[in-house]
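Everything on this sheet refers to the single structure shown next.
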2 protein chains.
Amino acid sequence: MYTIKDVAKLAQVSPSTVSRVISDSKQISDETKKRVKKVMEEIGYHPNMIARSLITKSSQTLGLVLSRSTETAFSSPFFSEVIRGISKVVQNHQYSLLLATAENYKEEGKQCMKMIMEKRVDGVILLASRVNDDLIEKLLLDDYPFVVVGRAPAGARIYSVNNDNIKAGYNVARHLLNLGHRQIAFLNGSNEYIFCHDRYEGFAMAFREFGLEIDQTYVIETDLQQENAYFYTKQLLELDRPPTAIFAIDDMMALGVYRAIKEKNLEIPDDVAVVGFNNDHFTSLISPPLTTIQIPIYEMGINAAEMMMDLLKGKEVIPQQRILSSKLIIRNSCGGKPRKI
Amino acid sequence: MYTIKDVAKLAQVSPSTVSRVISDSKQISDETKKRVKKVMEEIGYHPNMIARSLITKSSQTLGLVLSRSTETAFSSPFFSEVIRGISKVVQNHQYSLLLATAENYKEEGKQCMKMIMEKRVDGVILLASRVNDDLIEKLLLDDYPFVVVGRAPAGARIYSVNNDNIKAGYNVARHLLNLGHRQIAFLNGSNEYIFCHDRYEGFAMAFREFGLEIDQTYVIETDLQQENAYFYTKQLLELDRPPTAIFAIDDMMALGVYRAIKEKNLEIPDDVAVVGFNNDHFTSLISPPLTTIQIPIYEMGINAAEMMMDLLKGKEVIPQQRILSSKLIIRNSCGGKPRKI
DNA sequence: CCATGTCAATCAAACGTTTGCGTAAAAATA
DNA sequence: TATTTTTACGCAAACGTTTGATTGACATGG
């Protein structure tokens with residue numbers, strides 16, 4: 001493989017000159033530039049990024065940390081979408097994307113720190129969702145550039161982009177309450193994840209606004225597995241006063257809910273209304289089409305990556321915490337008309 | 001940030017000794033090792049991978065090239081799953097994963113070559129699906145280690161892992177033919193992708209076996225967009241002799257097919273049978289549950305990554321071309337009993 | 001003619017590792 | 001004790017770049 005020295009020799013200049021041609025320095029004459037570039041072209045020279053990184057102390061690479069296990073992470077379209085957004089920006093800036101993957105949360109934190117300590121990346125984007133993410137604290141301690149996708153503790157050097165989970169939870173609850181529902185189940189995810197908290201908080205807000213109490217027998221906390229949604233929905237439907245509506249923390253869970261309801265030969269929305277979250281691609285295609293929340297995942301990725309790039313370029317990043325709005329997509333899983341109470 | 005020299009100074013040894021401690025060389029006494037390690041621990045030293053790469057000429061990183069545009073790539077669960085498998089192995093080998101992303105195919109090839117020429121990666125895994133992938137030829141020319149996920153041209157230095165698309169296509173067709181269907185539509189993807197070819201080939205094989213001709217009015221080639229599936233299904237159903245069964249090239253397409261059928265107030269499977277491909281998570285949850293093909297995507301990722309690692313380690317890789325078997329998952333979208341002809 | 005300035009290119013050090021070779025001291029052997 | 005072998009470590013070069021300092025050529029102005 002050719003090095004800068006080979007180019008130099010062939011073009012009859014010094015390596016430094018070649019380097020300056022690459023960086024398009026203006027202290028090189030156009031004539032020389034042309035000659036050097038021609039040589040590079042001819043032999044197919046590409047600068048060795050490793051060597052360059054060593055001296056510039058920049059790897060031109062961003063780390064991407066999925067702080068859920070890879071397994072569950074990728075099963076959700078969320079991650080795909082957000083990666084897509086991030087890729088787009090990263091690519092525009094001629095950066096690369098390094099994935100930190102691991103089996104579990106602890107391991108992932110380690111991988112992330114390793115990437116950083118080993119100087120493989122210039123900054124990291126955290127797809128964080130945990131309540132007490134000690135990774136964030138470590139990064140702060142090291143004064144290392146990072147931005148988190150998801151809700152992060154507010155703080156001076158914390159940059160984050162998130163969707164309005166509280167508002168969204170509120171909107172869902174209000175929608176159902178307006179339709180006359182009072183026995184509304186909330187099929188929550190694990191309380192390890194902030195977004196679950198937030199959606200519940202919004203949910204509760206709406207109840208307060210309506211002057212109503214939440215019946216805790218309808219609030220179920222489980223993990224984000226379809227199977228669990230199925231299982232608990234069946235349980236809910238066995239109650240003496242079964243819920244008339246079920247809010248699932250995400251669309252996958254809603255699928256489980258659908259299955260349980262249909263298995264009981266009940267009708268959606270007539271017997272039970274269902275709302276999901278995420279507007280996954282399949283939601284419009286199941287029957288009945290699912291009422292759900294659409295969040296701008298791709299845009300969140302874009303924003304996160306752009307914040308990161310600005311940070312690295314030393315630009316001022318404003319605002320530090322960005323919240324993108326979601327949208328309630330009303331389909332047929334809740335019925336059209338308000339039911340009477 | 002600490003360097004090997006700092007450690008050396010603190011441990012009162014030379015940098016070379018520290019380096020040898022890191023690589024656990026046996027020419028260093030246990031006593032010295034202990035002392036040096038203690039120092040590293042204390043100051044939180046991590047070797048700079050960039051510097052190491054420069055001299056060892058190995059970046060301990062694998063490149064991952066999605067040779068579809070990032071956009072469509074990530075919208076399919078296929079990529080998520082295969083990445084999951086790859087990650088798993090890569091992680092076990094203490095390697096990292098670098099993503100090559102781009103807006104389009106051309107750009108992606110460039111990105112890939114760039115990764116390589118710039119020495120960022122030791123090898124690449126190609127999520128290739130194109131018919132004439134010139135990227136493969138370039139890689140061969142450079143004698144660069146790569147393995148492709150998907151069908152690759154057979155060749156001496158070509159390593160690949162794929163699922164048995166031909167067999168799977170055959171199985172689907174046979175299933176439908178056995179059920180008595182004769183007007184079977186094939187909703188194919190773009191002919192740029194090999195897997196589309198292969199599935200069709202298997203499909204055709206079954207027809208030949210049954211001594212039947214394929215009616216080409218039922219064979220439609222489009223791209224892998226749900227919307228197109230919807231559109232063309234509607235067209236198919238308008239025909240004088242509409243198909244009694246539709247084989248969609250993947251599950252997403254099948255969703256579009258479902259929508260079109262339902263919109264026409266036809267029943268699945270009574271009026272039209274449907275088969276998908278991939279066994280996406282939602283297929284068991286739509287109504288009726290979709291008959292589809294399950295492919296071992298995760299395992300394909302595992303295999304691809306393991307082949308790559310073996311290649312890099314100089315191990316013999318056998319077999320060079322691996323084909324993992326798929327499975328026909330029979331649900332309710334084709335009806336139970338053979339229909340009379 | 002000398003001093004000064006500009007331009008275009010080179011020199012050489014540096015980045016943080018690894019590793020072949022050299023060498024004292026210790027251990028083994030004669 | 002003298003010689004050889006082994007052990008444990010250090011020296012210095014190398015990897016392929018970047019970049020501040022330097023140089024030499026040439027032009028400009030006084």
Side-chain angles (χ1 to χ4, degrees), chain A residues 1-40 43-61 94 96 114-122, chain B residues 1-40 43-61 94 96 114-122:
Chain A
M1 192 47 41
Y2 295 104
T3 73
I4 208 169
K5 287 180 192 165
D6 299 318
V7 178
K9 210 164 286 175
L10 289 170
Q12 317 221 51
V13 292
S14 74
S16 357
T17 302
V18 178
S19 172
R20 285 187 236 268
V21 168
I22 295 169
S23 58
D24 202 28
S25 155
K26 52 182 166 279
Q27 47 177 317
I28 303 292
S29 69
D30 287 350
E31 193 198 1
T32 315
K33 275 185 189 173
K34 209 172 289 172
R35 198 171 73 244
V36 172
K37 277 180 184 163
K38 192 167 152 235
V39 172
M40 297 197 296
I43 65 177
Y45 167 79
H46 276 254
N48 181 323
M49 282 311 279
I50 301 290
R52 167 181 289 189
S53 293
L54 185 57
I55 188 146
T56 61
K57 289 168 181 338
S58 154
S59 58
Q60 300 273 101
T61 302
Q94 311 263 50
S96 303
K114 212 176 135 209
M115 281 198 325
I116 293 172
M117 308 294 302
E118 293 180 348
K119 302 270 173 286
R120 285 184 198 268
V121 295
D122 293 350
Chain B
M1 194 48 42
Y2 294 104
T3 74
I4 209 171
K5 288 179 193 166
D6 299 317
V7 178
K9 209 164 286 176
L10 287 170
Q12 317 221 49
V13 292
S14 75
S16 358
T17 301
V18 177
S19 173
R20 286 187 239 265
V21 169
I22 294 169
S23 58
D24 203 26
S25 156
K26 51 182 168 276
Q27 50 176 316
I28 302 293
S29 69
D30 288 350
E31 194 197 3
T32 317
K33 276 184 187 171
K34 208 172 290 173
R35 198 169 73 245
V36 171
K37 278 180 184 163
K38 193 167 152 233
V39 172
M40 297 198 296
I43 65 176
Y45 167 79
H46 276 254
N48 181 324
M49 283 310 281
I50 301 290
R52 165 181 293 188
S53 294
L54 184 57
I55 189 145
T56 61
K57 291 169 180 336
S58 153
S59 59
Q60 301 273 103
T61 303
Q94 311 262 51
S96 303
K114 213 177 132 205
M115 281 200 322
I116 292 171
M117 308 295 302
E118 293 180 349
K119 300 273 173 286
R120 285 183 198 268
V121 295
D122 294 349

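Labels below follow one simple rule: chain letters A, B, ... track the order of the sequence lines, proteins then strands, and each chain is numbered from 1.
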Check the distance between dC15(C)'s P and Arg120(A)'s CZ and give it to me in whole angstrom. 22 Å

Atom-pair distance (CZ on Arg20(A); C1' on dC11(C)), nearest Å: 10 Å

Identify which nucleotide among dT18(C), dG16(D), dA8(C) has an atom closest to any side-chain atom of Ile55(B), counting heavy atoms from C-beta outward. dT18(C)

Could you work out which one of dA9(C), dT17(D), dG16(D) sits closest to the side chain of Leu54(A)? dG16(D)

Is any side-chain nitrogen or oxygen of Tyr2(B) closer than 4.0 Å to OP1 or OP2 of dT17(C)? no

Using atom CD1 of Ile4(A) as one end and atom P of dT10(C) as the other, report the distance to the nearest whole Å. 12 Å

Measure CD1/Ile50(A) against C1'/dA14(C) and give the value in whole Å, please. 18 Å

Take the protein atom CD of Glu31(B) and the nucleotide atom P of dA26(C), then report the distance between them rounded to whole Å. 13 Å

Among the nucleotides dG10(D), dG16(D), dA9(C), whichever has the atom closest to the side chain of Thr17(A) is dA9(C)

Rounded interatomic separation in angstrom, taking CD from Gln60(A) and P from dT17(D): 15 Å

Does Ser29(B) have a side-chain nitrogen or oxygen under 4.0 Å from the phosphate oxygens OP1 or OP2 of dC9(D)? yes

Flag, side chain of Arg20(B) to backbone of Ser25(B), donor-acceptor distance under 3.5 Å: no

Kindly say if Thr3(A) contacts the phosphate of dG16(D), meaning a side-chain N or O under 4.0 Å from OP1 or OP2. no

Starting from the 5' end of DNA chain D, give me the residue, Val18(A) or Gln27(A), whose nearest nucleotide shows up first. Val18(A)

Taking OP1 and OP2 of dG16(D), is either one under 4.0 Å from a side-chain nitrogen or oxygen of Lys57(B)? yes

More 5' along DNA chain D: Ser14(B) or Ala51(B), using each one's nearest nucleotide? Ser14(B)

Is there a donor-acceptor pair under 3.5 Å between the side chain of Asp6(A) and the backbone N or O of Thr3(A)? yes

Could you walk me through whether Lys57(B) and Asp122(B) satisfy the salt bridge (Lys or Arg N to Asp or Glu O under 4.0 Å) test, starting with their C-alpha distance in whole Å, then the side-chain angles of each, then the deciding distance to 0.1 Å, before giving a yes or no? CA-CA 9 Å; Lys57(B) 291 169 180 336; Asp122(B) 294 349; over 6 Å; no

Between Ile28(B) (CD1) and dT18(C) (C1'), how many Å, whole number? 13 Å

Quick note, Asn48(A) side chain, CB onward, closest among dT18(C), dG16(D), dA12(C) is dG16(D)

Protein-nucleotide distance (Lys5(A), atom NZ; dC15(D), atom P), rounded to Å: 6 Å

Residue pair Ser53(A) / Ser59(A): nearest heavy atoms and the distance that separates them: OG-CA, 3.5 Å

